[in-house]
Number of protein chains: 2
Amino acid sequence: MYVSRKARRAVAGITRTRTCPPLLNDGGAVREVLDRISDKWSLLTLGALRSGPLRFGELEKAIGGISQRMLTLTLKHLVEDGLVSRTAYPEVPPRVEYEVTALGKTLVPLVIALAEWAIEHRDEINANRGCSPSE
Amino acid sequence: MYVSRKARRAVAGITRTRTCPPLLNDGGAVREVLDRISDKWSLLTLGALRSGPLRFGELEKAIGGISQRMLTLTLKHLVEDGLVSRTAYPEVPPRVEYEVTALGKTLVPLVIALAEWAIEHRDEINANRGCSPSE
DNA sequence: CAGTATCCAGTACGATACTG
DNA sequence: CAGTATCGTACTGGATACTG
């Protein structure tokens, strides 16, 4: 994905054409939301939080391979969108917990379904691509 | 999303950490597949094909706002992954039809679910972001 | 611990022009 | 009609260093 969320907010609603059944071409709703969650880490982050709140560092490990920078940004966006809540406890050392909100919880099952699909069909896809399975 | 599919193929398997429940942190399967379908147009394209084969031009209109270049690329990738089939009819003028494969069909319901979720929760998300609903 | 700041490489994407 | 070729750019995301 590549159009910034800010830019997207600003222009929300361009490039409409409306020629096909409405579900995926409704003038941007789907695209808008899809864009928002289809960056490299959002779904993965949401998935990592599916079974309970996690702290920043825990998330970092749970997701695996994410940079601090991207975790910060992704969380910020998820919080902005209301999919994840952030709770900072005024302690030393600081403790911050992230948790899926009620809204986020409605998305989590889809994320899980997607993840399951991915695992289930991974080898098939790789085979199609001429990759050795599960390499 | 942003790491090229080719690059991804080459490195498939780095950045593993393995600390959390296995569903979303299985060393890359989910990430690998997620990356593949979470570019700007793949899911949208797949969704546009959900109710039957479409020609290149029809897809272009159905998706709305996609450039020829991106449609070409997206289709190429989907075909590579085995999610979509391409059939060229040797006629003049040329006619090419794209259709969801059996594998692709297993993903379509998830795409639709995601789309429905997006539509259903769009306003809520926009509200959270401080946007006027459905603007 | 939980971030922020800065730098920079790579690339996804759009626009435009051209072709069988 | 169904693409390909080329170019420019805004953006993503990693690395590294630093802070309350």
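Residue numbers start from 1 in every chain, and the chains themselves are labelled A, B, ... in the order their sequence lines are given, proteins ahead of strands.
Checking the phosphate oxygens (OP1, OP2) of C:dA2, no side-chain nitrogen or oxygen of A:R95 falls inside 4.0 Å. When the side-chain nitrogen and oxygen atoms of B:Y98 are compared with OP1 and OP2 of D:dC1, none of them lie within a distance under 4.0 Å. OP1 or OP2 of D:dG3 has not a single side-chain nitrogen or oxygen of B:K76 nearer than 4.0 Å. A close approach under 4.0 Å does occur between a side-chain nitrogen or oxygen of B:R86 and OP1 or OP2 of D:dG3.
Heavy-atom nearest nucleotides on DNA chain D were determined for A:S67 and for B:R55, and the one closer to the 5' end corresponds to B:R55. Annotation: of the two residues near DNA chain D, A:L73 and B:E97, the 5′-most nearest-nucleotide partner is B:E97.
Each of C:dA5, C:dG3, C:dC1 was ranked by its minimum atom distance to the side chain of A:P93; first place goes to C:dC1. Comparing D:dG13, D:dG3, D:dA17 against the side chain of A:Q68 picks out D:dA17 as the nearest. In the set D:dA2, C:dT6, C:dA2, C:dT6 carries the atom at the smallest distance from any side-chain atom of A:R69. Comparing D:dG14, C:dC13, D:dG20 against the side chain of A:P94 picks out D:dG20 as the nearest. Counting only heavy atoms from C-beta on, B:W41 has its side chain closest to C:dG14 among C:dG14, D:dG3, C:dG20. Listed nucleotides D:dT4, D:dG13, D:dG3 differ in distance to B:V96; the shortest reach to its side chain belongs to D:dG3.
Listed by first and then second residue, the ring-ring contact (aromatic ring centres under 6.0 Å, His included) pairs involving residues 103-130 of chain B are B:W117-B:H121 (not counting sequence neighbours).
Atom NE2 of A:H77 is separated from atom C1' of D:dT12 by 11 Å (rounded to the nearest Å). In this structure, the CZ atom of B:F56 is 15 Å from the C1' atom of C:dG20, given to the nearest Å. Summarising the geometry, the separation between CD1 on B:I63 and P on D:dA2 is reported as 13 Å, rounded to the nearest angstrom. Regarding A:M70, its CE atom lies at a distance of 13 Å from the P atom of C:dT4, rounded to whole Å. Here the C1' atom of nucleotide C:dT4 and the CG atom of A:L71 are 13 Å apart, to the nearest Å. One interatomic measurement links the two molecules: CG of B:L75 to P of C:dC13, which rounds to 13 Å at whole-angstrom precision.
Heavy-atom minimum distance, B:R55 versus B:P94: NH2-O, 3.6 Å. Minimum interatomic distance between A:G65 and B:R31 (heavy atoms only, all atoms of both residues): CA-NH1, 4.5 Å. Between A:Y98 and A:L49, the shortest heavy-atom contact is O-CD2, 3.4 Å. Contact record, A:D81 with B:N128: O-ND2, 3.0 Å, taken as the closest heavy-atom pair.
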**OP:** Dot-bracket notation for DNA chain C is requested: 5' to 3', Watson-Crick or G-U wobble pairs only, both distances under 3.5 Å, with ( ), [ ], | and . as defined.
**Re:** ||||||||||||||||||||

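Put simply, the residue from A:K40, A:R122, A:R129 that forms a salt bridge (charged side-chain N to carboxylate O under 4.0 Å, His left out) with B:E32 is A:R122.
A 4.5 Å side-chain heavy-atom check between B:I63 and B:W41 finds at least one atom pair inside the cut-off.
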